[in-house]
Structure formats: structure tokens, C-alpha cells
Amino acid sequence: MNGVNVLVEKDLFDSAAAEGKANFRSATQQLNLWAKVGKNALANPDLPISFIYDTLIAKEQPKEIFEFEE
């Protein structure tokens, strides 16, 4: 993944580090998730934030192929 340097307020970074640690993410990964949730919430104001969050988390999960039994 390519990245750029940005300035983030220390308290926001510290919050991201704590939240990320609880969810097995780095502070950077947590900040990116929060940014994606916020971006998608603003683009889709009629959707609940919890739906947006759950959808983004589901997209990160590894894909499993389901095989039907015959």
C-alpha cells in the first residue's frame, strides 16, 4: 500500500492507537478505517453508520468459497 505523511492531532492518534490495539490494527489502519467510515457516511447520509462500519469490516475479511453438497 502506498501512503503519504499527514499531520494528525496527538489525541486523535492516541485514540486510534488504543482502539486499533483492541481490534488488532495499527493506529494507521484504525485512522484509515475511521476515514473510510466518515467518507462513506457523508456520501450516504441515509445509511446508519453501524451499517457502513460493518460493511467495510466485512469487505476486509478473507473470502471463503462455499461449495454446495450434491
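Reckoned from all heavy atoms, side chains included, excluding hydrogens, waters and symmetry mates.
In this structure, N32 CG and K39 NZ are separated by 11.0 Å, a value rounded to the nearest 0.5 Å.
Sorted by first and then second residue, the pairs that involve residues 5-31 and meet salt bridge (charged side-chain N to carboxylate O under 4.0 Å, His left out), not counting sequence neighbours, are K10-D14.
Across all non-hydrogen atoms, the minimal contact from A16 to A27 is CB-O, 3.8 Å. Contact record, V8 with F13: CG1-N, 4.0 Å, taken as the closest heavy-atom pair.
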Report all side-chain donor-acceptor pairs from residues 47-70 shorter than 3.5 Å, counting only partners two or more places apart or in another chain.
unit_1: T55; atom_1: OG1; unit_2: F51; atom_2: O; d: 2.7
unit_1: Q61; atom_1: NE2; unit_2: I57; atom_2: O; d: 3.4
unit_1: K63; atom_1: NZ; unit_2: K59; atom_2: O; d: 3.3

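Taken together through direct or relayed side-chain contacts under 4.5 Å among Ile, Leu, Val, Met, Phe, Trp and Tyr, W34 and L7 form parts of separate hydrophobic clusters. Cluster annotation: L33 is not connected to V6 through the hydrophobic network of ILVMFWY side chains, with a link wherever side-chain heavy atoms come within less than 4.5 Å.
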